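Notes follow once the structure below has been shown.
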Amino acid sequence: MAKSTTMNGEQPTRRDFLYIATGAVGAVGAAAAAWPLISQMNPDASVQALASTEVDLTPVAEGQIITVKWRGKPVFIAHRTKKEIEEAKATQLRDLPDPQPDEARVKKGKEQWLVLVGVCTHLGCVPLGHQGDYKGFFCPCHGSHYDTSGRIRKGPAPSNLEVPPYEFATDTMVRIG
Amino acid sequence: MSGPSNFQPKSALLQWTERRLPILGLMHSSFVAYPTPRNLNYWWTFGGILSFCLGVQIITGIVLAMHYTPTVAGAFESVEHIMRDVNYGWLLRNMHASGASMFFIAVYIHMFRGLYYGSYKEPREILWILGVIIFLLMMATAFMGYVLPWGQMSFWGATVITNLFSAIPGIGPKVVEFLWGGYSVDQPTLQRFFSLHYLLPFMIAGVVVLHVWALHEVGQNNPAGIDVKSDKDTLPFTPYATAKDSFAMVCFMILFAWFVFYIPNYLGHADNYIPANPLQTPTHIVPEWYFLPFYAILRAIPSKLGGVIAMFASIAVLAFLPWLDRAKTRSAKYRPLFKQFFWIFVITCIGLGWLGAKPAEGGYVIASRILTAWYFIHFLVVLPLLSYYEKPSQVPASIAESVLGKQPLATAKAKGSR
């Protein structure tokens with residue numbers, strides 16, 4: 001074998017080509033065989049098919065936060081008070097680690113309704129409502145403080161609480177997902 | 001595992017077998033005739049104790065799996081069923097749960113012993129790295145095992161730890177969904193964790209074989225940290241090491257039994273007796289005690305990605321230890337400065353463990369940052385500098401001399417027989 005390889009400074013031989021070609025086909029075959037074994041780990045069809053959630057907002061009083069389940073995760077629906085909305089609007093963007101105006105996080109004309117995925121963007125705990133230094137949300141696990149718009153203000157979380165895709169089916173009915 | 005054996009079985013049948021599969025010779029040369037340094041102290045008995053721990057976990061685990069149900073609806077109840085209905089289920093589950101803690105107590109002692117006596121140094125680098133791999137596998141196994149009872153701490157521990165991977169830039173969230181098999185920790189997560197929790201101990205057993213193989217290739221380190229030079233420096237494994245290991249193991253079993261029979265929940269967390277609730281996080285999430293130092297490092301860094309990197313780096317740095325500490329003298333016995341820094345490091349680790357259980361606020365965060373910094377300074381600054389500036393004290397000429405003093409071996413023997 002040593003004679004036929006390029007280590008001796010000779011040109012690649014037909015045998016070198018066959019070694020490499022065989023190895024390459026073997027590697028492709030191994031990868032193809034491994035693919036289903038790896039792919040099965042991803043969310044399956046039944047998990048992906050989880051329907052959207054509809055929530056009736058009439059019983060939610062001003063100042064109240066309810067938690068509903070969507071895709072196995074908690075979703076907060078907060079009926080914000082006037083004061084909370086004003087605080088969220090008055091915040092200067094330069095004070096925010098992840099700058100985003102309050103208007104971009106609620107539906108126009110429905111500013112009292114704040115809909116958030118209730119999962120801390122740090123390591124996935126469920127924050128507590130009406131708590132923390134900004135009276136928005138506070139994550140007890142590692143101390144992230146969110147404001148009344150669910151924006152990160154202090155602590156290890158890198159970004160604002162996520163706003164899920166949602167729409168108002170009627171004035172008092174919200175469809176998440 | 002240590003060269004050819006001159007072992008000859010007496011019976012004709014065993015001789016016949018031995019010619020075809022020399023397994024008895026392998027056992028004899030590895031665990032009977034194998035030469036061990038004559039100065040080994042009780043800190044060297046933890047290797048055997050760890051094998052015992054792995055055996056206990058595998059045996060009790062296989063039996064528990066006969067009664068456990070890996071479903072979101074059934075997991076918590078099946079664990080209670082094991083505790084209340086299954087014959088001796090309480091014993092098996094307490095042994096398995098306390099056994100995990102015993103395993104980590106033993107492995108931490110084993111690791112600190114290696115650190116103190118320089119067991120990671122040339123020619124034991126691969127032996128040491130295999131040990132770090134075993135430690136990583138142990139952590140993964142213990143983490144997934146803790147998820148299986150599906151209590152509040154199980155669920156939220158799983159959530160927090162899997163979310164560590166969301167810190168990976170770009171693909172992070174996809175990686176986490178891949179680990180979960182969904183959009184949150186749920187049925188697919190529990191079921192795959194059960195499967196992997198069953199698999200990993202056997203992988204640990206495989207790496208343990210490599211670890212022992214490497215050990216028997218290079219020989220054991222010893223409290224003097226010097227190489228074996230003659231037969232006077234060693235004693236046969238059986239009966240000397242066997243007896244010492246057995247005695248230490250029985251003492252360890254007493255401690256183990258005390259936990260199993262008297263305080264089985266002492267090292268656990270009361271919140272894990274509340275069934276998992278995906279909509280409510282417990283006020284204080286704490287991992288099991290053996291993860292606390294690393295958890296403290298994670299929380300000490302005020303950035304998500306930074307915290308995750310620091311936590312993984314705190315374990316990865318161990319693998320580079322043989323190249324960070326270049327001092328020729330192995331044992332801390334003959335390294336006056338290293339010995340002091342070693343104890344400071346032990347206190348640092350215990351301090352981090354204590355802080356990991358405290359809420360992440362105020363003075364605790366500041367203390368965690370100081371100790372985290374010191375943890376890395378110890379490995380990355382102190383050890384490399386000591387390698388060059390420390391003046392070691394006089395190392396004995398041989399292992400025999402370190403045990404028997406300067407007098408020639410013959411007189412020592414004569415004195416002993418008088």
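Everything numeric in this text was worked out from a predicted model, so none of it was measured.
- With hydrogens and angles ignored, the 3.5 Å screen pairs a side-chain donor or acceptor of B:R192 with a backbone N or O of A:M41.
- Sparse packing is recorded around OH of B:Y266, with 12 or fewer heavy atoms of other residues, nucleotides or ligands lying under 6.0 Å away.
- Minimum interatomic distance between A:V47 and B:G182 (heavy atoms only, all atoms of both residues): CG1-CA, 3.7 Å.
- Counting heavy-atom pairs closer than 4.5 Å to chain B, the top-ranked of the candidates A:G118, A:P43, A:S39 is A:P43.
- Other residues, nucleotides and ligands contribute over 12 non-hydrogen atoms within 6.0 Å of the CZ atom of B:F202.
- Using a 4.5 Å cut-off on side-chain heavy atoms (C-beta onward), A:L123 and B:L298 make contact.
- Across B:N163 and A:G124, no two heavy atoms sit closer than the pair ND2-CA, 3.3 Å.
- The shortest distance between side-chain heavy atoms of A:V126 and B:Q280 does not fall below 4.5 Å.
- You'll find the side chain of B:V160 stays beyond 4.5 Å of the side chain of A:H122, heavy atoms only.
- In terms of heavy-atom pairs under 4.5 Å with chain A, the best-connected choice from B:I161, B:T281, B:L164 is B:T281.
- Heavy atoms closer than 4.5 Å to chain A are found in the side chain of B:S166, but not in its backbone.
- In this structure, B:M203 places its CE atom where only 12 or fewer heavy-atom neighbours from other residues, nucleotides or ligands lie under 6.0 Å away.
- When all heavy atoms of A:R71 and B:S184 are compared, the pair lying nearest together is O-OG, 3.9 Å.
- Interface remark: B:P282 contributes backbone atoms only to the contact with chain A (heavy atom separation under 4.5 Å).
- When heavy atoms are compared at a cutoff of 4.5 Å, B:Y295 approaches chain A solely by way of its side chain, counted from C-beta outward.
- Between chain B and the residues A:I38, A:D44, A:V119, A:L128, the most heavy-atom pairs under 4.5 angstrom are made by A:I38.
- Atom CD of A:Q64 has more than 12 heavy atoms from other residues, nucleotides or ligands within 6.0 Å.
- When side chains are defined from C-beta on, A:P140 does not count as touching B:H284, because their heavy atoms never get closer than 4.5 Å.
- Residue A:K110 qualifies as enclosed at atom NZ: its count of foreign heavy atoms under 6.0 Å is above 12.
- For the pair B:K304 (side chain) and A:T121 (backbone), a donor-acceptor distance under 3.5 Å is present.
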